[in-house]
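In what follows, a single structure is set out as structure tokens and then discussed.
Letters go in sequence order (proteins before strands), and every chain restarts at 1. The figures that follow rest on heavy atoms only: side chains count, while hydrogens, waters and symmetry mates do not.
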2 protein chains.
Amino acid sequence: MSGLQRVTLKPGDTIGILGGGQLGRMLALAAARLGLKCQVFSPDPDSPAFDVVQYATCAEYAEVEALELFANDVDVITYEFENIPSSVAAILASRRPVVPDPKILELTQDRLMEKDFVTRLGIPTAAYADVSSLQTLRDAVARIGLPAVIKTRRFGYDGKGQAIIREGCDLDAVWAELDTRAAILEAFVPFEREISVIAARGYDGQVVCYDVTENQHRNHILNVSRVPAAISEELAARACGIAETIANALGYVGVLAVELFVAPGPDGPVLLVNEVAPRVHNSGHWTLDGASVSQFEQHIRAVAGWPLAQPVRYGAVTMTNLIGDEIHDYAKWLSQPGATVHLYGKRNARPGRKMGHVTVVEPEKS
Amino acid sequence: MSGLQRVTLKPGDTIGILGGGQLGRMLALAAARLGLKCQVFSPDPDSPAFDVVQYATCAEYAEVEALELFANDVDVITYEFENIPSSVAAILASRRPVVPDPKILELTQDRLMEKDFVTRLGIPTAAYADVSSLQTLRDAVARIGLPAVIKTRRFGYDGKGQAIIREGCDLDAVWAELDTRAAILEAFVPFEREISVIAARGYDGQVVCYDVTENQHRNHILNVSRVPAAISEELAARACGIAETIANALGYVGVLAVELFVAPGPDGPVLLVNEVAPRVHNSGHWTLDGASVSQFEQHIRAVAGWPLAQPVRYGAVTMTNLIGDEIHDYAKWLSQPGATVHLYGKRNARPGRKMGHVTVVEPEKS
């Protein structure tokens with residue numbers, strides 16, 4: 001799908017990062033450890049990533065001149081979030097390589113296109129249907145059954161832009177509430193567990209996966225990740241195979257995350273792809289402390305055209321997000337033996353906002 | 001010795017760092033992970049630490065106004081190197097807390113004062129003598145014997161400002177070459193190994209030591225550190241006890257390193273203190289990857305008035321410095337499974353210059 005120009009950076013070169021949140025911040029910190037500089041582009045003057053780079057561009061994504069100047073200052077451009085307008089990507093890509101290829105964003109920004117793409121690769125997902133009107137919603141419910149989940153096709157995250165439809169729900173009200181003409185209905189999966197694979201792919205097509213992570217959500221937001229996931233080696237290998245197939249089909253360069261459900265099947269557990277995130281991912285934060293090379297560094301290596309790492313895991317790892325008010329417990333976490341605390345430098349602890357995380361690495365039970 | 005004003009920072013507060021080398025850079029990266037900001041003061045426009053902070057002051061240490069403006073911008077001040085002029089410390093300390101107390105620098109900047117201080121604590125060192133003239137050098141050689149090492153009392157590091165004196169050496173030539181009136185002669189220690197203790201002390205007097213590190217030098221520059229050191233638990237405990245005694249006697253706040261020789265004695269190995277470094281230390285770089293909390297974070301916690309960590313070590317750790325031209329092997333190191341590569345972002349790979357380091361963590365043999 002992608003025909004990316006190969007980049008090979010030298011130490012001291014500069015990576016441009018679109019987006020100034022905690023992912024951009026941790027990407028910049030990882031680049032710094034490798035002797036690479038970063039320049040961050042973000043419209044928010046309070047961007048956490050601005051704190052850790054010498055040069056930043058604070059401008060709206062609509063400011064063409066700012067985008068052009070930013071591109072001129074850097075050697076390659078990457079991004080920390082997937083909702084980058086394609087017009088922005090086009091302006092930047094005309095001046096500097098943008099990695100991963102922004103064409104991939106057009107696909108992963110749309111839940112329906114993404115599901116169609118995964119399905120065409122022969123990889124199972126929950127049953128789903130295109131919904132563009134109240135009538136198509138009724139038809140989809142009739143075909144897929146209830147309970148089911150309706151989601152906007154674009155711009156949803158952390159549970160925003162979605163609703164569960166149960167028996168007896170008023171479909172008119174659900175559809176009116178969602179307020180869109182582009183949605184997708186997905187069968188509700190009675191999953192045993194949620195897992196994710198963090199995979200990296202280089203320009204040369206090499207794919208390296210981290211050990212499969214098991215994730216627990218709370219109010220649709222990731223709460224705890226544990227690695228290794230409590231699944232068989234065979235199932236873990238299948239999950240990594242799926243991530244590799246997707247990364248190869250996309251011609252991906254960088255780190256991507258594939259979220260999957262483990263659901264009961266007639267012949268043992270089955271894997272269903274839930275979502276593909278074309279970026280570093282919250283469920284990979286454990287790699288910062290629990291592995292010899294983090295997902296952030298792995299992404300930087302891929303984008304820089306440097307060798308991907310074969311990361312070694314240091315033990316059984318638990319990563320806990322600090323969400324909203326939980327940040328105020330930071331002193332308690334600082335005192336816990338073996339805990340590594342990450343605070344993102346965000347000013348306001350709004351409900352649901354990811355403010356930091358804590359990792360604990362313990363000797364692995366064999 | 002020290003009567004420091006206690007500091008308690010909040011996330012988002014700013015730490016001023018004097019010095020912009022790799023130690024300042026890694027301190028700033030550690031502070032960022034805790035949601036703290038840093039401002040770096042350094043006269044060198046190419047300072048590696050400038051790359052990882054939003055605000056920096058590039059000025060000479062003699063520029064009083066720059067020092068004052070810098071102090072006004074930050075909440076507390078610390079430093080990455082011990083050769084800070086006392087006049088600079090005084091200007092800063094009149095505006096903001098400087099931690100560790102700069103009075104400690106006056107002692108550790110002078111090899112003779114440092115040795116006298118350690119000796120007064122009842123802690124053994126190699127035999128030494130004050131040397132201020134050719135005649136006192138002759139007297140010292142007669143008392144201590146040869147071989148011995150002559151060192152300038154101040155401003156020596158990485159083997160600079162020192163020479164070995166062997167039988168038959170021309171003392172006139174040695175003394176002329178050293179070109180000083182303030183030196184110290186130290187007995188040459190036939191050591192079995194060199195070790196170091198990285199210790200942290202908080203405002204409340206709590207001291208936390210990392211596991212003892214074993215160090216190999218090459219051309220007087222640290223080449224490889226390994227942890228745990230191949231010494232008995234009892235000897236390791238004694239080494240930590242020495243570091244704790246020194247930290248307490250100094251009223252120290254922050255991370256300090258104590259370098260020791262393990263030498264053969266009539267009743268088993270003995271420990272001799274070689275040097276005290278009032279700062280984070282190269283032999284503690286392994287903690288970045290090999291422990292739940294690094295020496296850099298531990299120093300930031302201490303300076304910030306936050307709880308010291310009880311760090312957990314992830315395995316047997318080897319840290320190798322990349323010195324001078326060795327930096328050009330970075331791609332080889334990037335490809336080694338389990339290796340974590342740190343490049344300091346320095347432009348010129350001059351001979352003897354510390355350009356980066358590599359850590360490997362392996363399961364511990366029990």
Practice item. Report the option among A/Y344, A/W306, A/Y55 that has the most heavy-atom pairs separated by less than 4.5 Å from atoms of chain B. Key: A/W306
**Study point:** Closest heavy-atom pair and its distance - B/V312, A/G338
**Key:** CG2-CA, 3.4 Å
Point to revise | Region of B/Y330 that comes under 4.5 Å of a non-hydrogen atom in chain A | key: side chain
Check your understanding: What residue, out of B/K37, B/Q54, B/M355, has the most heavy-atom pairs lying under 4.5 Å from chain A?
Key -> B/Q54
Review point. Top residue by heavy-atom pair count (under 4.5 Å) with chain B, among A/R301, A/R347, A/Q336, A/R313?
Key: A/R301
Check your understanding: So do A/L334 and B/L34 actually touch side chain to side chain, heavy atoms under 4.5 Å?
Key -> yes
**Study point:** Selection from A/M26, A/K346, A/Q310, A/E362 maximising heavy-atom pairs under 4.5 Å formed with chain B
**Key:** A/Q310
Revision key, fill the gap. Exactly one candidate in B/V52, B/D289, B/V341 meets side-chain contact (heavy atoms from CB on, under 4.5 Å) with A/R33; the answer is B/D289
Check your understanding: Does any heavy atom of chain B fall under 4.5 Å from the side chain of A/A56, the backbone, both, or neither of them?
Key -> neither
Point to revise | Interface residue of largest heavy-atom contact number with chain A, from B/L288, B/V361, B/L29, under 4.5 Å | key: B/V361
Check your understanding: CZ of B/F81: more than 12 outside heavy atoms within 6.0 angstrom?
Key -> yes
Check your understanding: Which heavy-atom pair separates B/A331 from A/P307 by the least distance, and what is that distance?
Key -> O-CG, 4.0 Å
**Study point:** Interchain contact, B/A339 with chain A, by part (heavy-atom threshold 4.5 Å)
**Key:** backbone
Review point. Can you name the closest pair of heavy atoms from B/P11 and A/L343 and give their distance?
Key: CG-CD1, 4.2 Å
Check your understanding: Taking all non-hydrogen atoms of both residues, which atom of A/Y314 and which atom of B/T340 are closest, and how far apart?
Key -> OH-OG1, 3.8 Å
Review point. Hey, is the main chain of B/A32 close enough, under 3.5 Å, to the side chain of A/R25 for a donor-acceptor pair?
Key: yes
